[in-house]
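These notes concern the structure reproduced below.
Excluded from the calculations below are hydrogen atoms, water molecules and symmetry mates; all remaining heavy atoms, backbone and side chain alike, are included. All figures in this text were calculated on a predicted structure; none of them were measured in a lab.
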There are 2 protein chains.
Amino acid sequence: MTARASRGRRPGAPDTRAEVLAAARASFAEKGFRGTTIRAVASAAGVDPALVHHYFGTKDDLFVAALEIPVDPREILAPVVAAGPDGAGERLLRTFLSVWDDPAIQPGLLALVRSLMADDSAGLVRDGFIPVVVGPVLASLVRDRPEVRVPLVASQMIGLIVARYVIAVPPLAQMPAEDLVARVGPVLQHYLTGDLP
Amino acid sequence: MTARASRGRRPGAPDTRAEVLAAARASFAEKGFRGTTIRAVASAAGVDPALVHHYFGTKDDLFVAALEIPVDPREILAPVVAAGPDGAGERLLRTFLSVWDDPAIQPGLLALVRSLMADDSAGLVRDGFIPVVVGPVLASLVRDRPEVRVPLVASQMIGLIVARYVIAVPPLAQMPAEDLVARVGPVLQHYLTGDLP
DNA sequence: GACGTTTTTCATCATGTGTTGAATTGTGCT
DNA sequence: AGCACAATTCAACACATGATGAAAAACGTC
């Protein structure tokens, strides 16, 4: 629980830095930014709090280090949009789920989502992510009125993410990605290209 | 910014208690539980922090006082389910939006949602709210496999709430409720009674 | 006008937190 | 062996926060 006893450099070659980062990632994903304390991260990694600061600097720095999402949304969405509007709902959803189900990526995304909802910093998503990165990409899949269709798509995907990964409501959390694609994909397709009043 | 100068009871009869409660409600809704400080609430109400504690006790007490949701979900859902499965998607959504759009209720709900997503206390929603209160009600609207249909409905409604009220993505946040009912209602209807793989 | 009551502030306390600088010890190089 | 360097801990500071108890001021009542 507490930090180890002896001072100075330890024998062996444990990659302490990686352990600290993993602990931070887990804590941010589970408890959000404010719920995470440097001391708790250090303790989880079996390390002194000062070491955390030594490696990663301030808490904000540690947070962005823990985010580290090795995925470019535009790049990953490229093949989805390249195949055209037919079946785009299913492809889009499948791609999204494959990213979120990746254990190397999920904690970072969870931490981001948790901390975005915590305070009112959601302006980032509202004014940045949706209109700037995902909006233009999806817009090319849409025939008319992208300014209303894209947010509708976003709402269903946000709901799925929150239900499946944040709240983990059963059986959504345990359902194989393909089942979700089969059930929710058509709805996304409807938002993208269906008749809309 | 800081509290007023002179000591003792103020002249006139301002309902300070209500002002403090309003300030707390606003802060909890905007910044969540952890993001809210007693001092900030007191300052927003133009009052000493000790007064907040005098009226409402501990911070937890203040939080539950600020929640104060004057609505019983079961009661409000009764007419929706009484009218049977036809058009239930639209009616359900209309009812939900009318509650969330009520300025007297919205801050409490927002505060609850914000704080639930902050840490991993989402177990309340997962094991309490959805299966115990909303689940049984919706289940009576559903022909088969309610255990998969109800969470799908929930996912779309959660997404709508987060997009419209928490993130406030345009134009969802400004769209009249009836427009949303017309556009998203059919999707809920599909989840409730449509063909599902 | 004296008195009890309510409202309000003041002055602190205890605690948890992020951060920092110095001290200590092991490792690798020459 | 000696030395620079990296890894690690210790001790402490500064600060924000929740909480408390007591004092002061206004009010209502008699």
- d(CZ, B:F56; C1', D:dA19) in whole Å: 17 Å
- Should A:T16 be listed as having a side-chain N or O under 4.0 Å from OP1 or OP2 of D:dA7? no
- Query: Excluding sequence neighbours, so at least two apart, what forms side-chain contact (heavy atoms from CB on, under 4.5 Å) with A:E90?
  - Reply: A:R94, A:V181, A:P186, A:Q189
- Applying salt bridge (charged side-chain N to carboxylate O under 4.0 Å, His left out), name anything that partners A:E147, two or more places apart in sequence or on another chain. none
- Just wondering, are more than 12 heavy atoms of other shown residues or ligands nearer than 6.0 Å to CZ in A:R145? yes
Anything under 3.5 Å between a donor and an acceptor, one on a side chain of residues 101-113 of chain A, the other on a protein residue two or more places apart or in another chain? List them.
from   : atom 1 : to     : atom 2 : distance (Å)
A:D101 : OD1    : A:R164 : NH2    : 3.3
A:D101 : OD1    : A:Y165 : OH     : 2.8
A:D101 : OD2    : A:R164 : NH2    : 3.1
A:D102 : OD1    : A:A104 : N      : 2.8
A:Q106 : NE2    : A:W100 : O      : 2.8

When you compare the protein's N or O atoms with those of nucleotides 15-18 of chain C, which come within less than 3.5 Å of each other, and at what distance?
from   : atom 1 : to    : atom 2 : distance (Å)
C:dG18 : OP1    : A:K59 : NZ     : 3.1
C:dG18 : OP2    : A:I38 : N      : 2.9
C:dG18 : N7     : A:R39 : NH1    : 2.8
C:dG18 : O6     : A:R39 : NH2    : 3.2

- Query: Can you name the ring pair (Phe, Tyr, Trp, His ring centres under 6.0 Å) partners of B:F63, sequence neighbours left out?
  - Reply: B:F28, B:F33
- Check whether any side-chain nitrogen or oxygen of A:Y55 sits under 4.0 Å from OP1 or OP2 of D:dT8, and answer yes or no. yes
- Task: Could you please name the option among C:dT20, D:dA19, C:dT7 that lies closest to any side-chain atom of A:H53?
- Result: C:dT20
- In whole Å, what is the span from the CG atom of A:L51 to the P atom of D:dA11? 17 Å
- Output all residues satisfying side-chain contact (heavy atoms from CB on, under 4.5 Å) with A:A26, sequence neighbours left out; order by chain, then residue number. none
- Item | Atom pair distance, as rounded to whole Å: NE2 in A:H54 and P in C:dT20 | 14 Å
- Item | Integer-rounded Å distance: D:dT17 P and B:D48 CG | 15 Å
